[in-house]
Amino acid sequence: MSAPAPSPLVVVDAEPLPRQEEVLTEAALAFVAELHRRFTPRRDELLARRAERRAEIARTSTLDFLPETAAVRADDSWKVAPAPAALNDRRVEITGPTDRKMTINALNSGAKVWLADFEDASAPTWENVVLGQVNLIDAYTRNIDFTDPRSGKSYALKPADQLATVVMRPRGWHLEERHLAFDGRPVPGALVDFGLYFFHNAQRLIDLGKGPYFYLPKTESHLEARLWNDIFVFAQDYVGIPQGTVRATVLIETITAAYEMEEILYELRDHAAGLNAGRWDYLFSIVKNFRDGGAKFVLPDRNAVTMTAPFMRAYTELLVRTCHKRGAHAIGGMAAFIPSRKDAEVNKVAFEKVKADKDREAGDGFDGSWVAHPDLVPIAMASFDAVLGDRPNQKDRLREDVSVAPGDLIAIDSLDAKPTYAGLVSAVQVGTRYIEAWLRGLGAVAIFNLMEDAATAEISRSQIWQWINAGVEFEHAGETVKATPELAREVAAQELAAIRAEIGEEAFAAGKWQQAHDLLLHVSLDADYADFLTLPAYEQLVG
């Protein structure tokens, strides 16, 4: 590789960070600049296409499998590339941000894979963006340790053969990185996260017997997968590693992507590792796309929409069948429970629910699943061990019994549940508490014994918006109450007062509670529905 020309990228409005020069090298920035120059125009076109498709859904209130790609679906001959050894057994995956303590704990957790998250579990402060990269480099070179300043407890890596394989998740296509500019405009966050990680670690990972593996979030179409594939081809040539070294698992967490699963695998086939079934972002996407569709698209309380709901079963079973037909891994959803150190009974009930959920996924044919906490790794592992035994996966289980019609994926009214007043209160509580932490730079937040990320806030604010705009009525205190902006403001004010009483005046003043309250109401009540909460939130994020 020839010496790069000086990078045209400029670091904007950012305080210097310790060791940033190890990440923001001239060569690495030149690579990111070239990614931006070549691929951001297509990114921009695809974001415009999203808006066009959303307008079409608003007009028709329906979706279908694409007629123009019928030949891809009908051709039984193609398969994705065989899984590399390091990604062949994915029976339990742990997720979390890339802070130093989490990096060590996730790698040591006993899970097969760690989803190292620069996306929904990470608020994109410049510190999180850059130092997260430092932490991963340190992990791969075994130069990482951590001592908790409060407890004094020290953390260090286990032997290499006991560590999880890293699958890194960059930001979605819609997000910019305001601290890196090219000719005065910000570089897409996805290209910054991918570019810095790939440039510094691709060869290092190959030397460790692994590779540069990625989770691709918020994908809405096979054309977006094609863009990623072209980026992978270019990147591998740029640093001089073999084509097919990169592997990508795509999160099917938008309703439009659910209609293009085979096409997404086809576009990425030399680089595809599998698909994942995400829950909250998927429901958020349904609300976002069908928000004009009337009562039949109104979702009940988020906790009432389990993976056993008919339209969710259609989605997950189609995902397993699609993946296994094409030789790809099917990865299940999140167990978000955070064990309580104080309440054994809470743990017992929650652990039973986690076990039932993972037993169902393993029984349905998934090859692995997600957990948010190391204590859940053994529970999920036992569920998949019981089905897989010594086999690394069950891709030979083709699920040819599954048949999903287009309407099955959007049959929201097949669920026998209605929105409740308690659901509105919960959405306000969780949305406020999450946004406050996000504005302080935290992306993965324990709230009411659940690990929540940005997808939680998205479904919370989307449900408030949907219920108000659909004129939903709740039964509350023996009378019927209509969802209105005034009711949402009343509930939000009560929650703010409750938080103030709970944490005390000093902690309340030190936090960003009023700002979070105001932002939640803005995105929940504004007639112009924001495509992503994180867009207006990023404008308020300091750092």
Side-chain angles (χ1 to χ4, degrees), residues 9 11-25 28-29 32 94-107 114-140 144 146 148-149 155 166-181 186-201 214-215 217-218 372 434-446 451-458 511-512 515-516 519 532-543:
L9 290 188
V11 178
V12 179
D13 218 11
E15 292 294 319
L17 295 167
R19 301 179 60 194
Q20 71 175 26
E21 69 281 355
E22 297 173 39
V23 174
L24 305 174
T25 64
L29 291 178
V32 173
I94 192 167
T95 71
T98 55
D99 61 88
R100 211 154 179 86
K101 179 180 173 183
M102 180 68 198
T103 296
I104 298 168
N105 283 346
L107 289 168
W114 171 36
L115 187 162
D117 200 5
F118 286 83
E119 197 231 2
D120 272 4
S122 181
T125 62
W126 187 232
E127 181 177 5
N128 288 344
V129 168
V130 175
L131 298 190
Q133 299 278 355
V134 169
N135 292 336
L136 291 174
I137 292 169
D138 283 354
Y140 300 147
I144 192 168
F146 178 78
D148 191 311
Y155 300 83
V166 174
V167 180
M168 182 271 219
R169 179 162 71 168
R171 280 169 281 181
W173 280 129
H174 59 289
L175 294 167
E176 309 282 18
E177 175 47 66
R178 66 169 177 250
H179 297 297
L180 274 180
V187 179
L191 296 182
V192 174
D193 298 340
F194 166 81
L196 294 175
Y197 179 78
F198 179 88
F199 186 85
H200 288 298
N201 298 302
F214 298 93
Y215 259 111
K218 308 287 191 290
Y434 180 82
I435 292 170
E436 192 277 335
W438 196 92
L439 292 171
R440 286 187 289 110
L442 299 174
V445 187
M451 185 60 76
E452 309 286 17
D453 70 7
T456 306
E458 291 287 24
K512 296 185 179 290
Q515 198 177 342
L519 181 55
F532 293 94
L533 159 69
T534 45
L535 294 173
Y538 188 48
E539 295 174 10
Q540 299 184 30
L541 185 67
V542 177

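The local environment of CD in Gln20 is crowded, with over 12 non-hydrogen atoms from other residues, nucleotides or ligands closer than 6.0 Å. Open room surrounds CD on Glu15; 12 or fewer heavy atoms of other groups in view lie less than 6.0 Å from it.
A 4.5 Å side-chain heavy-atom check between Asp117 and Thr95 finds every atom pair outside the cut-off. Here the side chains of His174 and Thr534 are in contact, with some heavy-atom distance below 4.5 Å. The closest side-chain heavy-atom distance from Glu436 to Val445 is not below 4.5 Å. Within the 4.5 Å cutoff, no side-chain heavy atoms of Pro16 are placed close to those of Trp126.
A side-chain donor-acceptor contact under 3.5 Å links Gln133 to the backbone of Asp193. Under a 3.5 Å cut-off, the side chain of His179 and the backbone N or O of Gly543 do form a donor-acceptor pair. Under the 3.5 Å distance criterion, the side-chain polar atoms of Glu458 are matched with a main-chain donor or acceptor of Leu533. Judged by distance alone, the side chain of Glu176 and the main-chain N or O of Arg178 form no donor-acceptor pair under 3.5 Å. When atom types are taken as modelled, the side chain of His200 and the backbone of Ala28 share no donor-acceptor pair closer than 3.5 angstrom.
Nearest heavy-atom pair, Asn135 versus Ile144, reported as atom, atom and distance to 0.1 Å: O-CD1, 3.7 Å. The shortest heavy-atom contact between Leu541 and Gly441 is CD1-N, 4.3 Å. Ala444 and Met451 make their closest contact through C-SD, 3.7 Å (heavy atoms, listed as atom of the first residue, atom of the second, distance). Nearest heavy atom pair, residue Thr98 against residue Asn128, reads OG1-O, 4.5 Å. Taking every heavy atom of both residues into account, Arg171 and Pro124 meet most closely at NH1-CB, 3.6 Å. The shortest heavy-atom contact between Leu131 and Pro18 is CD2-O, 3.4 Å.
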Pair Trp114-Met102, side chain to side chain contact (heavy atoms under 4.5 Å, CB included): steps then yes or no: CA-CA 10 Å; Trp114 171 36; Met102 180 68 198; 4.2 Å; yes
message: Run Ile94 and Leu115 through side chain to side chain contact (heavy atoms under 4.5 Å, CB included) and show every step you take.
response: CA-CA 6 Å; Ile94 192 167; Leu115 187 162; over 6 Å; no
- request: Please assess Glu177 against Val32 for the test side chain to side chain contact (heavy atoms under 4.5 Å, CB included), listing each intermediate value before the final yes or no.
  value: CA-CA 12 Å; Glu177 175 47 66; Val32 173; over 6 Å; no
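Using a 30° and 60° split on the angle between ring planes, Tyr197 and Phe214 fall in the perpendicular class, above 60°.
Here Leu24 contributes atom CG and Leu9 contributes atom CG; the two are 9.5 Å apart, rounded to the nearest 0.5 Å. The CZ atom of Arg169 lies 4.0 Å from the CD atom of Glu119; values are rounded to the nearest 0.5 Å. The CH2 atom of Trp438 sits 8.5 Å away from the CG atom of Leu519 when rounded to the nearest 0.5 Å. Taking CG from Leu107 and OH from Tyr140, the interatomic distance works out to 7.5 Å, rounded to the nearest 0.5 Å. A distance of 10.5 Å separates CZ of Phe146 from OG1 of Thr103, quoted to the nearest 0.5 Å. Note that CG of Leu196 and CD1 of Ile137 are 8.5 Å apart. Values are rounded to the nearest 0.5 Å.
A salt bridge between Lys218 and Asp120 is present, with a side-chain N of the basic residue lying under 4.0 Å from a carboxylate O of the acidic one. With respect to Asp148 and Lys101, a salt bridge is recorded, a charged nitrogen being found less than 4.0 Å from a carboxylate O.
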